[in-house]
Amino acid sequence: MTGSPAVCFEKVHKLFGRVRAVAGVDLTVARGETVALLGRNGAGKSTTVGLLLGLDEPDAGTVRLFGGPPSRAVAAGRVGAMLQDGRAVRRVTVRELVSFVAAAFPRPLPVAETIGLAGLTGLEDRRVDRLSGGQAQRVRFAVALAGGPELVVLDEPTAALDVEARRAFWASMRAYAGRGNTVLFSTHHLEEADAYADRIVVLDRGEVVADGTGERLREAAGGRLVSFDLADGDAAGLRLLPGVRDVEVRAGRARLRTDDADATVVALAGLGSVRDIEVTRATLEDAFLALTRRHDEHVEVAS
Amino acid sequence: MIGRYVRLEVRRALRDPGFIVFGAGMPVVMYLLFTNIGQGANPDGAAWKVTSMVGMAAYGALGAAVGTGTGIAEDKQLGWLHQLRITPIRPRDVVLGRGLAGSVTVLPSLLLVLAAGALVNGVRLDAWQWPALVGLMWLGALPFTLFGIGNGYRLSAQTTGVLNIGCLVGLAVIGGLWFPVELFPHWLRVIAEFTPANRFAALGWSTTAGGAPTVATVAVLLGWLAVSGSYAVVSYRRAARTAT
């Protein structure tokens, strides 16, 4: 059993009415890994999280946590989660809530440690429903960690946090992952996925459209961006230049995504109509847009 | 673990302004008002103080019992029920714990009105009658707790709140908890005696009269217990299926 991955989805489908919320997802998260689930709103992230935690049953395919059904991992106290729809529990203090959750698990963290990790020191005796939005979000993080779970699932964990709180949150999350725990978080912030995850899984329309490190996603979508002023030149034909995978013209400036920047630049120089040329590394945002756009086109063709 | 859960939920319920008003404050205030104002109109003041004490204790217990459902509906909306489902606490224990917590919160409502009767209105009963009164009425509140739980799992917090208060007031009036059913026209009185709140209070009235509850009273209450229990189970199962 020690060999089985923390999370394993096999061809998982979930329909809500006629909407295909999750459409054939395969996903494996090894123990100790930190994985980001990245996608636009409505891409299927929360549905995936719900299926993972056993809050929902898939219509087809299997979901396994540590080699067994999610309900077994949850009952054994191996999973902790911060849900997106969770709001402040009312009429209970921070300490009461965290102690209660900790006591429900077989191997909890000490309450003081959980409160420290979540940045709630000094707020222990405050009522949860009287905290600010950011503080309440940290309480939900504390609830996810309180049981000392091996797998922590965080659905959009930083949505209500300001910049400083966000940084503190990720530092705590990394500290917890650093103890050998597995973390899976969903986000639509590219920088967060890139900075804090070992691996990024891009979801779009309920399908996994990319899976790899930030670096690999950039490569997959076309590693370099060559941009220059078009002046009065014609954009037609640029798509045919060596290495070019995608052309975009914005405010008189052409942006070519390319697998071989050197060859593209040499060819452009041959055309002679190039001004103010610049070669940059494609950002993850470029990669993300390319991945989801390609998917849109693909879907339109298919339907 | 279930003990810890009950403690947590009782603590939360006792901090609820809704509970403090409908479960504890109003019944006591209404009892003292109804028994001390317009006394001249009532030929038998002492008896009315006992009858109304039982009626208002029943009313308070009813308020606390259905209030459990309002709490559940609220927790469903806040995501707390989902959060509980991803702890090792068994789902069955959550429902059971919630029911037990609801039963516990019924007690202060009962005790407050009885204390007002004994200490302010000078109601005197035999020593055995007080614990019998508390015990019977505590058990008798169970159908209402289950009814509240059923509403809580099935409906939104707002709907549950409105429905619970509507049922609370409706059942209290027709059940004769506020005004004796003797004042009702005959046909209404016949109906009243089949309603759950009336039979619930009858448990207390028979005790203060020095007797045991009638078979009919117990039978009607068991019937209502079966109905509300099934309702709670069906509502819970439905809520568990539609997870999101």
Side-chain angles (χ1 to χ4, degrees), chain A residues 14 16 21 46-47 49-57 65 70-93 95-108 127-130 136 139-140 142-144 146-147 149 151-153 155, chain B residues 1-21 23 64 67-68 70-94 96-98 101-102 105 152 156-158 160-161 237-244:
Chain A
K14 181 72 191 175
F16 287 117
S46 289
T47 307
V49 168
L51 291 166
L52 193 154
L53 296 170
L55 291 174
D56 256 323
E57 294 282 325
L65 301 183
S71 59
R72 194 193 299 163
V74 168
R78 302 176 82 173
V79 186
M82 181 170 168
L83 300 171
Q84 200 189 351
D85 64 1
R87 274 169 286 156
V89 184
R90 296 171 72 180
R91 303 185 297 277
V92 65
T93 68
R95 195 199 310 276
E96 283 166 356
L97 185 64
V98 173
S99 313
F100 167 74
V101 174
F105 284 75
R107 297 165 298 275
R127 268 173 54 173
V128 175
D129 47 347
R130 292 184 183 159
V139 172
R140 299 200 295 113
V143 166
L151 168 65
V152 183
V153 181
D155 197 4
Chain B
M1 197 54 225
I2 193 162
R4 272 178 167 274
Y5 182 55
V6 171
R7 274 212 298 284
L8 181 83
E9 292 298 354
V10 167
R11 215 179 280 175
R12 293 182 62 212
L14 296 182
R15 287 175 188 157
D16 182 2
F19 170 78
I20 293 165
V21 172
T68 303
T70 316
I72 290 176
E74 205 181 82
D75 284 350
K76 188 175 59 185
Q77 222 145 320
L78 295 175
W80 175 231
L81 294 185
H82 271 170
Q83 193 69 53
L84 283 170
R85 278 181 61 189
I86 42 177
T87 65
I89 307 170
R90 278 174 299 191
R92 197 185 48 186
D93 287 356
V94 171
L96 197 62
R98 203 62 191 246
T105 54
S156 74
Q158 218 178 356
T160 305
R237 291 217 174 120
R238 208 177 70 159
R241 266 203 312 276
T242 51
T244 41

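Side-chain atoms are counted along with the backbone in the values below, which use heavy atoms only and exclude waters and symmetry mates. In what follows, every chain begins at residue 1, and chains take the letters A, B, ... in the order their sequences are listed.
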Show the nearest heavy-atom pair for residues [X] and [Y], with the distance to one decimal.
{"X": "A/F100", "Y": "B/M1", "answer": "CE1-CE, 3.4 Å"}
{"X": "B/L8", "Y": "A/E96", "answer": "CD1-O, 4.2 Å"}
{"X": "B/H82", "Y": "A/L83", "answer": "CB-CD1, 3.5 Å"}
{"X": "A/V89", "Y": "B/W80", "answer": "CG2-CE3, 3.5 Å"}
{"X": "A/P106", "Y": "B/P88", "answer": "CD-CG, 4.3 Å"}
{"X": "A/S99", "Y": "B/R4", "answer": "O-NH1, 4.2 Å"}

For this session: Would you give the length of the straight line joining atom CZ of A/R90 to atom CD of B/E74, rounded to the nearest 0.5 angstrom?
Result: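 One finds 4.0 Å between CZ of A/R90 and CD of B/E74.
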Exercise. How far does CG of A/L55 sit from CG of B/L81, to the nearest 0.5 angstrom?
Worked result: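 It is 11.0 Å, given to the nearest 0.5 Å.
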Exercise. For chain A, which of B/I89, B/D75, B/T87, B/D16 has the most heavy-atom pairs under 4.5 Å?
Worked result: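 The answer is B/D16.
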For this session: Go through A/L53, A/V74, A/T47, A/V143 and name the one with the most non-hydrogen pairs under 4.5 angstrom from chain B.
Result: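 Winner by heavy-atom pair count: A/V74.
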For this session: Identify which of A/A104, A/A75, A/G86, A/G77 forms the greatest number of heavy-atom pairs closer than 4.5 Å to chain B.
Result: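 Option with the top pair count is A/A104.
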Exercise. For A/A88, is it the side chain, the backbone, both, or neither that has a heavy atom closer than 4.5 Å to a heavy atom of chain B?
Worked result: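 When you check distances to chain B, only backbone atoms of A/A88 fall under 4.5 Å.
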Problem set entry | Region of B/L84 in contact with chain A, defined by heavy-atom distances below 4.5 Å |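 Interface part for B/L84: side chain.
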Problem set entry | Heavy-atom contact with chain A under 4.5 Å, split by part of B/L78 |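 Backbone plus side chain of B/L78, per the 4.5 Å heavy-atom cut-off to chain A.
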For this session: Check for a donor-acceptor pair, side chain of B/Q83 on one end and backbone N or O of A/A81 on the other, with a separation under 3.5 Å.
Result: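 Checking the backbone N and O of A/A81 against the side chain of B/Q83, a donor-acceptor pair under 3.5 Å is found.
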Exercise. If you draw a 6.0 Å radius around CZ in B/R90, do more than 12 non-hydrogen atoms from other residues or ligands fall strictly inside?
Worked result: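 No - once you tally the heavy atoms of other residues, nucleotides and ligands closer than 6.0 Å, there are 12 at most.
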For this session: Go through A/V92 and B/R11 one step at a time and tell me if the side chain to side chain contact (heavy atoms under 4.5 Å, CB included) criterion holds.
Result: CA-CA 8 Å; A/V92 65; B/R11 215 179 280 175; over 6 Å; no
Problem set entry | Derivation of the side chain to side chain contact (heavy atoms under 4.5 Å, CB included) call for B/E9 and A/R91 | CA-CA 9 Å; B/E9 292 298 354; A/R91 303 185 297 277; over 6 Å; no
For this session: Name all residues meeting the ring-ring contact (aromatic ring centres under 6.0 Å, His included) criterion together with B/F19; count only those two or more places apart in sequence or in a different chain, and write none if there are none.
Result: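 With sequence neighbours excluded, B/F19 shows a ring-ring contact (aromatic ring centres under 6.0 Å, His included) to no residue whatsoever.
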